[in-house]
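What follows is one structure encoded as structure tokens, with my remarks underneath.
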Amino acid sequence: MSAPTSASTPASFDWLHRGTTEIFPHQPESEDPNQNLTQRLMQCDRPLRVKLGIDPTGTDIHLGHSIAFRKLRAFQDAGHTAVVIIGDFTARIGDPTGKSEVRKQLTEEQVKHNAQSYLDQLRPVLDFDTPGRLEIRYNSEWLSKLDLSKILELLASMTVGQMLAKEGFAERFNQESPIYLHEFLYPLMQGYDSVAVDADVELGGTDQKFNLAVGRDLQRLFNQTPQFGLLVPILIGTDGIQKMSKSLGNYVGLSEDALTMYSKLEKTPDDQLATYFELLTKLPLDSLPDNPRDRQKQLALEVVTQFHGADTAAQAQKDAQNLVAGSTGAADNVPEFSLSSVEFPVPIFYLVSASGLCKSSSEARKQIKGGGVKLDGEKVTDMNLKFEQAEELSGRILQLGKKKFVRLIP
RNA sequence: GGGUCGGUGCCCGAGUGGUUAAUGGGGGUGGACUGUAAAUCCACUAGCUAUGCUUACGUUGGUUCGAAUCCAACCCGGCCCA
């Protein structure tokens, strides 16, 4: 295996610093490669092992997760080895970071399924193909083998006070909400992962600082050179307020279709635009369009291109414009709904719910009442409107609000 | 283990026997406006092929013409004591 390119070309480390919040330990003046990551990168004679863990707790990952993986990709491109840890063991305990509640425990099967799904979704982000650039490890490999004496050794390396100093714990303790003992194990296990894979660098969101630091402590305990921690920002979601998360519904999933992705991204809040460009693209930040609307479009196009390719992205942009303009016929990528599953005569409100635009028929009625339902661009006002047969409806487009469409087919 | 306080809708949080899916806020969805944004204003915010019916205030029973509200047991959590 060849030495990392960065070693031979003492080039710039822009890729390292773009969108990076913090690197620790960080002593920029130091020549010591254990105190200064840039020195380490320039001096290393072998690819560094760059760890990034993810707990397969759900089936979807989103752009918020992707920024750490993008950084990981940057390391890969610089010749280093990405060590992706699938937290199949830790997922069953749950990371207490940032949670106000205990995470529910998952079965082994769910975890397995989720893990595969994650890897599929990461395909466009990481380099899966270049030999030596990617290592995928499951932490059950070593964590399930820990015996009590080893666990005690880990536990003895930290104090309750140190644990309680951790952000989430402190809050929960002060709010008098429950903290279970097994949650204290989480940072230790994640830290032990670093020992198990002999990590040189670990990536994570800023909320992971504590956990990455524990990794350093444990590596020291096991006579390894402590890893560097590299923190990337937590991406704010599409609501512009809270961090991107599936449960808050303010996310853009990596596996979403191009049109959905585009539609969400093109309304990125103005004050998040710069951040999104920095974290989700490689575009130079000083040559963006002046008009905020154009910036939104460029961002959407760029990101969708990463996941779906330029052609599909361009088509999504076109479709999005057509849909909003109301020229329904021009939209090709509208989900279809087959009328074969409904019984005629069918009331409009039932149709709205059956087609999946609304969760329930009650909600559909309310939306119709509120003027949110359109058929071929025309507002539906009578919720008891009935259709006698499928021919009346097939080919027409049913719409809820500005964003949800369904084409009715026989 | 003992004492004590508490468990209400997506979230927070009122309500303490009597028309009512249950005040208020947040969030969400829809409408107007707009740049498909923000801000603002308005509406909606349990389910049902539905002018009515069915479920809802930790769980299960009980008292009552009638309970989220009273009683009992149980489950869960906080705090104090051990």
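Not measured: the values here are computed from a predicted model. Below, all heavy atoms of this structure are taken into account, side chains as well, without hydrogens, waters or symmetry copies. Letters go in sequence order (proteins before strands), and every chain restarts at 1.
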Nearest whole Å is fine: how far is B/A50 C1' from A/I348 CD1?
16 Å
Is there a side-chain polar atom (N or O) of A/S361 under 4.0 Å from OP1 or OP2 of B/C48?
yes
Sugar-phosphate only, base, or nothing, as touched by A/K264 at under 4.0 Å among non-hydrogen atoms
nothing
Do A/Q121 and A/S117 meet the criterion of a side-chain donor-acceptor pair at a distance under 3.5 Å?
yes
Any side-chain donor-acceptor pair under 3.5 Å between A/N211 and A/Q208?
yes
Please say whether the positively charged group of A/R295, taken as NZ for Lys or CZ for Arg, lies over the ring of A/F277, i.e. under 6.0 angstrom from the six-membered ring centre and within 45 degrees of the axis.
no
When you check the side-chain N and O atoms of A/D88 and A/S140, is any donor under 3.5 Å from an acceptor?
yes
Any donor-acceptor pair under 3.5 Å linking the side-chain atoms of A/R293 with those of A/Q296?
yes
Go through the N and O atoms of the side chain of A/R293 and the base of B/A37, and report whether any donor-acceptor pair is under 3.5 Å.
no
Residue A/K402, side-chain heavy atoms: nucleotide from B/G77, B/U49, B/C33 that is nearest:
B/C33
Rounded distance (Å) that lies between atom C1' of B/U51 and atom NZ of A/K369:
12 Å
Determine the Euclidean distance between corresponding C1' atoms of B/A37 and B/A32; express it in Å to zero decimal places.
16 Å
A/L273 CG to B/A38 P, straight-line distance once rounded to whole Å:
12 Å
Name the residue closer to the 5' end of RNA chain B, choosing between A/S362 and A/K374 according to the nucleotide with the nearest heavy atom.
A/K374
Distance between P atoms of B/G47 and B/G13 (Å, rounded):
24 Å
Interatomic distance where CZ belongs to A/F173 and P belongs to B/G78 [whole Å]:
10 Å
Distance check, P atoms only: B/G6 and B/U16, in whole angstrom units.
13 Å
Quick one: are the ring centres of A/F89 and A/Y138 less than 6.0 Å apart?
no
Provide the distance between the two P atoms, one in B/C41 and one in B/A46, to the nearest whole Å.
22 Å
Residue set satisfying side-chain hydrogen bond (donor to acceptor under 3.5 Å, both in side chains) with A/R49, at least two apart, ordered chain then number -> A/E135
Whole-Å gap separating C1' (B/G35) and CG (A/L265):
16 Å
How many whole angstroms separate atom CZ of A/F349 from atom C1' of B/G47?
12 Å
Donor + acceptor pair across side chains of A/E202, A/S194 (<3.5 Å):
yes
So is A/K264 actually on top of A/Y251's ring, under 6.0 Å and inside 45° of the axis?
yes
Among B/G77, B/U49, B/C33, which nucleotide has an atom closest to any side-chain atom of A/V346?
B/U49
Establish, with yes or no, whether the OP1 or OP2 oxygen of B/G47 is under 4.0 angstrom from a side-chain nitrogen or oxygen of A/K366.
yes
Assign each of A/G371 and A/T268 the nucleotide of RNA chain B bearing its closest heavy atom; nearer the 5' end lies the nucleotide of A/G371
Protein-nucleotide distance (A/K267, atom NZ; B/A38, atom P), rounded to Å:
8 Å
Can you see whether A/Q116 engages A/D120 through a side-chain donor-acceptor pair at a distance of less than 3.5 angstrom?
yes
Figure out the CG/C1' separation between A/D270 and B/G35, and round it to whole Å.
8 Å
Are there any protein N/O atoms within less than 3.5 Å of an N/O atom in nucleotides 21-29 of chain B, and if so, which ones and at what distance?
unit_1, atom_1, unit_2, atom_2, d
B/U29, O2', A/Q367, NE2, 2.4

P atom, B/U45 versus B/A22: distance in rounded Å?
9 Å
Between B/U49, B/G35, B/G78, which one does the side chain of A/E343 approach most closely?
B/U49
Separation of the P atoms in B/C10 and B/U63, to the nearest angstrom
31 Å
Dot-bracket for RNA chain B: what is it, with Watson-Crick or G-U pairs under 3.5 Å, [ ] where a pair crosses earlier ones, and | for a pair to another strand?
((((((((.[[[..)..(.....]]]((((((.......))))))(((...)))...[[[[[..)....]]]]]))))))).
Pairwise P distance for B/A50 and B/C33, with rounding to whole Å
35 Å
Please check the phosphate of B/C48 (OP1 and OP2 only) for any side-chain N or O of A/S360 closer than 4.0 Å.
yes
Between B/U51 and B/C5, how many Å separate the two C1' atoms, rounded to a whole number?
47 Å
Side chains of A/D127 and A/T130, donor plus acceptor under 3.5 Å:
yes
Does a nitrogen or oxygen in the side chain of A/Y350 sit under 4.0 Å from OP1 or OP2 of B/A50?
no
